[in-house]
Amino acid sequence: MSLIEGQSGAWEAVIGLEVHAQVTSESKLFSGASTAFGGEPNAQVSLVDAAMPGMLPVINERCVEQAVRTGLGLGAQINLVSVFDRKNYFYPDLPQGYQISQYSQPIVGSGAVEIALEDGTTRTVRIARLHLEQDAGKSLHDRDPRRTWVDLNRAGVALMEIVSEPDMRSPEEAAAFMTRLRAILRYLGTCDGNMEEGSLRADVNVSVRRPGAALGTRCEIKNLNSIRFIREAAAHEARRQVAVIEDGGAVEQETRLFDTGSGTTRPMRSKEEEHDYRYFPDPDLLPLVLDEAFVDGIRATLPELPDAKKRRFVDALGLSEEDAEVLVADRDSAAYFEAVAEGRDAKLAANWVIRDLFGALNRSGLAIADAPVSASDLGALVDLIRAGTISGRIAREVFEAMFETGRDPGSIVAERGLEQVSDTGAIEAIVDAVLAGHPDRVAEYRGGKTRLLGFFVGQAMKASRGKANPKTVNELLRAKLDEGQGRDE
Ligand code: ADP
Ligand code: MG
């Protein structure tokens, strides 16, 4: 828990998120129009989306399935009966004059997300509910100096609104929650998680209180489309509220906007009350009734999710919690690692993936999907190390060449003549030369300064240009130096 130091003592931030996740589906929630991103304005609008009189919405089974899949992935209760309501408000880009949403009877009830914190501890953030609703269209203010244009391509696209309980206590926890939720959605394939394209965005609710006191009045910061903005907006808003209270004022419940340029929040509107929306069950839609078999069928196809994968990486493969967390953070990374580790030393594989591959990807700004080194080639490199064909140090050099050229390790090792020398005769010649070249040091060693072994190993490795098998070098040096000596321990 990280507290905020005010002038009058410590304050605690309380944070809850309302996340809007665009459902991965070819067509919209209540129409057959396409959901593809980036189409010509108004090219993907059915008569239902345009709210032509007399048009009737028809629920898209695929979207329902995706919501249930997400609920199961969040370990949440699935409600076999749920109801679609009309949430009434006016927006120029909302032709119906209402949004079809779910209110008192959502499709998914309470669940939980585990987040791993920097200090190695974990924390559970409870999920209050998940419901299905329609997205609105988009008003374009920059196409014409005097008029606003409306693009309805997004109108009617299915969203899942995922609401957390106010369980987060710092901006870092809010960021960790969003990161884990996005990973779960991506593992499930129910939302692509592309925050830049707006497929995933969050409203962040923030209040402050004395540690352990009752909940304070919250403000809601709307529509944040990056994890960094979530962290920055929450941090700024908590500090703002502390300053208001310490100045003798009171926090007013309101909706605020985050200005990404200045990193500050400003008021947008005072929070409307639920009754302002005049929610009522949409008479065009029957209650949504699911049967157990439908839910069980989806449950049977759930993939292994980040938490379970992490446990398996730690318990069955012997990885550290930190390494396991890094690897499961993203589905592609986990899959890549598993392909490298398959049938090999998992810890060695994890090292190469995290330290070398991720390091090189970071430096070159590439995503794992675009890695120039395939998992099978990296696996082959690990095999070469394990078999003693190359040393770990030479392997670094080979890896660099693989990353640059996309070639396989075997051909690079052969072409550059990098095979490790394990032939005892050849190594013995090198060792003898090193000992002959440093008679003083040999005498010191034999006089009891056995720490000098490292020096001799270094010299021998250097003389072999890194190719001598270090184990053989060690053994031979020890044997020769200790020859005729009593061991001194
Ligand atoms: P409402 O029905 O007024 O919208 P909810 O109970 O649905 O309120 O909560 C909306 C969001 O605000 C949830 O994510 C919840 O966790 C969060 N929240 C509620 N109370 C607080 C609070 N005092 N401080 C911070 N977040 C809060
Ligand atoms: Mg609410």
Side-chain angles (χ1 to χ4, degrees), residues 1-4 11-21 70-71 74 76-77 79 82-83 85 87-89 99 101-113 115 123-133 159-182 200-224 227 229-231 233-242 244-245 250-258 265 268-279:
M1 192 199 304
S2 63
L3 297 177
I4 305 160
W11 297 84
E12 179 181 59
V14 173
I15 304 171
L17 263 58
E18 294 166 279
V19 176
H20 287 94
T70 305
L74 297 172
Q77 172 202 332
N79 295 326
S82 65
V83 172
D85 296 283
K87 181 180 184 181
N88 299 280
Y89 56 100
Q99 177 190 32
S101 181
Q102 296 190 303
Y103 182 48
S104 54
Q105 296 191 65
I107 186 165
V108 174
S110 52
V113 171
I115 55 175
R123 179 178 187 98
T124 303
V125 175
R126 292 167 301 155
I127 299 294
R129 58 186 276 150
L130 175 158
H131 67 250
L132 278 168
E133 63 184 28
L159 299 178
M160 296 180 281
E161 178 169 339
I162 303 167
V163 182
S164 87
E165 297 288 356
D167 285 348
M168 288 151 277
R169 296 290 175 267
S170 69
E172 290 67 38
E173 290 185 12
F177 170 77
M178 194 63 180
T179 304
R180 187 51 133 228
L181 178 61
R182 182 176 60 180
L200 186 65
R201 42 196 200 262
D203 302 340
V204 178
N205 295 271
V206 180
S207 64
V208 296
R209 64 176 180 185
R210 294 294 185 190
L215 290 181
T217 302
R218 69 189 157 98
C219 288
E220 176 179 1
I221 307 145
K222 276 286 181 201
N223 248 329
L224 299 169
I227 288 171
F229 293 159
I230 290 172
R231 194 189 309 110
H236 173 270
E237 180 58 18
R239 271 185 270 109
R240 186 191 70 84
Q241 292 181 12
V242 166
V244 166
I245 299 169
V251 174
E252 304 223 15
Q253 183 167 340
E254 64 188 357
T255 302
R256 299 178 69 87
L257 285 178
F258 181 62
T265 66
M268 177 168 131
R269 55 169 188 253
S270 63
K271 169 86 181 162
E272 53 294 282
E273 300 287 336
E274 226 82 270
H275 62 247
D276 294 337
Y277 292 119
R278 297 284 187 275
Y279 279 101

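Counting starts at 1 for both ligands and their atoms, in listed order.
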Item checked: Contacting atoms of ligand 1, where contact means under 4.0 angstrom from a heavy atom of Glu18 -> 10 (C), 11 (C), 14 (O)
Next item on the list: Using salt bridge (charged side-chain N to carboxylate O under 4.0 Å, His left out) as the criterion, list what pairs up with Arg231, not counting sequence neighbours.
Entry: none
Checklist line | For Leu17, atoms of ligand 1 separated by under 4.0 Å from a heavy atom | finding: 14 (O)
Check: Which value, rounded to the nearest 0.5 Å, describes the distance between Cys219 atom SG and Glu237 atom CD?
Finding: 4.5 Å
Next item on the list: Pull out every atom of ligand 1 sitting under 4.0 Å from any heavy atom of Gly16, numbered as shown with elements.
Entry: 14 (O), 16 (O), 26 (N)
Margin query: Take a 6.0 Å sphere around CD of Glu252 and say whether it holds more than 12 heavy atoms from other residues, nucleotides or ligands.
Written below: no
Notebook entry, point to check: With a cut-off of 4.0 Å, which atoms of ligand 1 are near a heavy atom of Val14?
Noted result: 24 (N), 25 (C)
Next item on the list: May I ask you to list the atoms of ligand 1 that are less than 4.0 angstrom from any heavy atom of Val163?
Entry: 13 (C), 14 (O)
Next item on the list: State the CD1-CZ distance between Ile227 and Arg182, to the nearest 0.5 angstrom.
Entry: 3.5 Å
Next item on the list: Please determine if Ile15 has a nitrogen or oxygen closer than 3.5 Å to a nitrogen or oxygen of ligand 1.
Entry: no
Next item on the list: Please work out whether any backbone atom (N, CA, C, O) or any side-chain heavy atom from C-beta onward of Asn205 is under 4.0 Å from ligand 1, and answer side chain, backbone, both or neither.
Entry: both
Checklist line | Under 4.0 Å to a heavy atom of Leu215 - the qualifying atoms of ligand 1, by number | finding: 23 (N)
Next item on the list: Could you tell me which residues satisfy salt bridge (charged side-chain N to carboxylate O under 4.0 Å, His left out) with Arg126, sequence neighbours excluded, listed by chain and number?
Entry: Asp167
Note to self: Show the atoms of ligand 1 that are less than 4.0 angstrom away from any heavy atom in Glu165.
What the structure shows: 16 (O)
Next item on the list: Verify, without hydrogens or angle tests, whether Ser164 (side chain) and Leu17 (backbone) share a donor-acceptor contact under 3.5 angstrom.
Entry: yes
Next item on the list: Looking only at distances, please establish whether an N/O atom of ligand 1 is found under 3.5 Å from an N/O atom of Pro166.
Entry: yes
Check: Side chains of Asn88 and Arg278: donor-acceptor distance under 3.5 Å anywhere?
Finding: no
Margin query: With nothing but distance in play, are any N or O atoms of Ser164 less than 3.5 Å from an N or O of ligand 1?
Written below: yes
Next item on the list: May I ask you to list the atoms of ligand 1 that are less than 4.0 angstrom from any heavy atom of Gly216?
Entry: 23 (N)
